[in-house]
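Notes for the one structure printed next.
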There are 2 protein chains.
Amino acid sequence: MHNNSYKRLRSNSYSVPCELCSIGSLCIPMIQDCTLGNLLNQKKALAKNEIAVKAGDPFNKLYVIHSGCLKSYVITNNGTQQITGFYLPGDILGYEAICENKYHNYIEALTHTLVCEVKYDRLIAFGNESASIREHNIRLMSNEILNQQRLIMIFAQKNAEERLATFVYSMYRRYAQRGHTSLNIKLAMSRADIANHLGLTIETVSRIFTRLQQAEILMVKGKYILIKNLSELIKAAGESE
Amino acid sequence: MHNNSYKRLRSNSYSVPCELCSIGSLCIPMIQDCTLGNLLNQKKALAKNEIAVKAGDPFNKLYVIHSGCLKSYVITNNGTQQITGFYLPGDILGYEAICENKYHNYIEALTHTLVCEVKYDRLIAFGNESASIREHNIRLMSNEILNQQRLIMIFAQKNAEERLATFVYSMYRRYAQRGHTSLNIKLAMSRADIANHLGLTIETVSRIFTRLQQAEILMVKGKYILIKNLSELIKAAGESE
DNA sequence: CGGCATATTGAAGACCTTCAACACAAGTGG
DNA sequence: CCACTTGTGTTGAAGGTCTTCAATATGCCG
């Protein structure tokens, strides 16, 4: 069982080796000098559409993605879902829950996903013994604040085409940062999820995908995206100059 | 503790007493058991439109607002300004600068403002000696993440009227949290700043202010806002039910 | 294959922006 | 004190972008 799940993990989808995970030296299994076998045993598998956390749940752990893809969302007053982020291997979820000791977001798997659960009290305990771990953790939170600012920028300044181009480009870059530099991207999320996250409708997303395809910038086939002209994509995203 | 500067501080504009400041026990002057006189001497005055920090500056301190109002903004690739936040007494700026050791935002005073400068290395040093200070600091950063998520919600789901109503209501609440529960609000920022921050144009902001006035929800006179019907304002903001 | 969810495309309409003119307040210099 | 300037805010009309509604197409999984 252990062997099988590991093989499947590496062949199916993107995953970061633990050494490249953004949590880095904070990784509790790493700190404990576990073997690879032990590491995998600490991971939790989430099936597609499985909800790991509900808004309002008491906070006790952060989630680090090893492989797969998650989305976080809140349910607004009028009962609609608003997706606050998509998360790739190495990303960390749950920081927003610390201040009031409860989660404010739902966390749901978009594909079969492996996550490392990091118990917060153990993280604090490790932090109590190492200043570098503490500082690393603070830097990760600061980075999360920075990432959210980028999303705010998308909303405040960009039109639909710029938003979608920015989204595709950011996916490209995020995979590249994880060592998967490829112009071929497989989106884990539906058009509805993309539209929701970008504050658009699915129709608009669909129309703009075809427009970018006609402009020879992308080739779109369902969830598979091929970036045919990266510099034009960056221009379309409004990120150049 | 009974000098002139203290009196002037309290009479001029909203300010939090240091005990209510959101930095709370993290406040370095407080930690050092300074007298109130010493406290005031540690504050730095910013004139209206004075820029305290430029994007790209090396990071070394956080800014806590004692009185007045600041805005933070970035300059986008096409050279336009995008306001990322307005900050009131007790708020803390600069967390986004930790991860890459440089500020990503400009920080500019909207009015005459007093800020407490918190040297980051001293904060770390104090943290090294006290677990409760460390945890408090992490909680503050988590809160910042939560605040940004609220802004993302505004953009992704709300139309112009809901955005502006949300903005006014949030100002009301933020002042109320600081002990100034009043239906009279004086905005420190211009229509242009409000519009920019909400992703709208000044014309739209102006039109919606008159619309909310005709609906007997607000009374608007330049920078002075009177909330005539709070529950309707909340409804207009899309925050009810 | 059939059924259902997801995605694409078209036409009409709503909302916000753009452009332009005007109103108003604050500050300056004669 | 007024005339002038400048910055800021308000209002109107036209136009563009995105949404809504509706129909059709594609893909997926039993």
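Numbered from 1 within each chain, the chains take letters A, B, ... in sequence-line order.
In this structure, a donor-acceptor pair under 3.5 Å is present between the side chains of A:Thr80 and A:Asn78. Looking at B:Glu108 and B:Tyr73, their side chains do bring a donor and an acceptor atom within 3.5 Å of each other. If you check the side chains of A:Ser142 and B:Glu96, you find no donor sitting under 3.5 Å from an acceptor.
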Acceptor/donor pairs from residues 202-215 of chain B side chains to any protein atom, 3.5 angstrom cut, sequence neighbours excluded:
{"from": "B:Thr204", "atom 1": "OG1", "to": "B:Thr201", "atom 2": "OG1", "distance (Å)": "2.9"}
{"from": "B:Thr210", "atom 1": "OG1", "to": "B:Arg207", "atom 2": "O", "distance (Å)": "2.6"}
{"from": "B:Arg211", "atom 1": "NH1", "to": "B:Glu161", "atom 2": "OE1", "distance (Å)": "2.8"}
{"from": "B:Gln213", "atom 1": "NE2", "to": "B:Val220", "atom 2": "O", "distance (Å)": "3.4"}

Mind listing the side-chain donor-acceptor pairs of residues 144-151 of chain A below 3.5 Å, one per line with the distance, residues two or more places apart or on another chain?
{"from": "A:Asn147", "atom 1": "OD1", "to": "A:Arg150", "atom 2": "NH1", "distance (Å)": "2.7"}
{"from": "A:Gln149", "atom 1": "OE1", "to": "B:Asn105", "atom 2": "ND2", "distance (Å)": "3.1"}

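Residues forming a side-chain contact (heavy atoms from CB on, under 4.5 Å) with A:Ala45 (at least two apart in sequence, or on another chain): A:His112, A:Leu114. With sequence neighbours excluded, the residues satisfying side-chain hydrogen bond (donor to acceptor under 3.5 Å, both in side chains) with B:Glu100 are B:His104. For B:Ser190, there are no side-chain hydrogen bond (donor to acceptor under 3.5 Å, both in side chains) partners at least two apart in sequence or on another chain. Remark: B:Thr181 pairs with no residue by the side-chain hydrogen bond (donor to acceptor under 3.5 Å, both in side chains) rule, at least two apart or across chains. Taking A:Arg191 as the reference, nothing meets the salt bridge (charged side-chain N to carboxylate O under 4.0 Å, His left out) condition, with sequence neighbours excluded.
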Per-nucleotide protein contact string for nucleotides 13-18 of chain C (B base, S sugar-phosphate only, - none; heavy atom under 4.0 Å): ---SBB
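Using a 30° and 60° split on the angle between ring planes, B:Phe167 and B:His197 fall in the perpendicular class, above 60°.
The closest donor-acceptor contact from the side chain of B:Asn196 to the backbone of B:Gln81 lies under 3.5 Å.
Atoms CZ (A:Phe209) and C1' (C:dT8) sit 13 Å apart, rounded to a whole Å. Atom-to-atom, CG of A:Asn196 to C1' of C:dT6 comes out at 15 Å; the value is rounded to the nearest Å. Here D:dC18 presents its P atom at 11 Å from CG of A:Leu164, a figure rounded to the nearest Å. Between the P atom of D:dT17 and the CG atom of A:Leu198 lies a distance of 19 Å, rounded to the nearest Å. Computed from coordinates, the B:Leu212 CG to D:dT10 C1' distance equals 15 Å when rounded to whole Å. We find that CD of A:Gln214 is positioned 12 Å from P of C:dT8, with the value rounded to whole Å.
Sorted by first and then second residue, the salt bridge (charged side-chain N to carboxylate O under 4.0 Å, His left out) pairs involving residues 65-89 of chain A (not counting sequence neighbours) are A:Lys71-A:Asp193.
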Show the distances under 3.5 angstrom between N or O atoms of the protein and N or O atoms of nucleotides 6-9 of chain D.
{"from": "D:dG9", "atom 1": "OP1", "to": "B:Arg191", "atom 2": "N", "distance (Å)": "3.3"}
{"from": "D:dG9", "atom 1": "OP2", "to": "B:Arg191", "atom 2": "N", "distance (Å)": "3.3"}

Using a cutoff of under 3.5 Å, can you pull out all pairs of nitrogen or oxygen atoms linking the protein to nucleotides 25-30 of chain D, with atom names and distances?
{"from": "D:dG27", "atom 1": "OP1", "to": "A:Lys221", "atom 2": "NZ", "distance (Å)": "3.4"}

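The rotation axes computed at either terminus of the helix from C:dC1-D:dG30 to C:dG30-D:dC1 lie 40° apart, taking five pairs at each end and rounding to 10 degrees.
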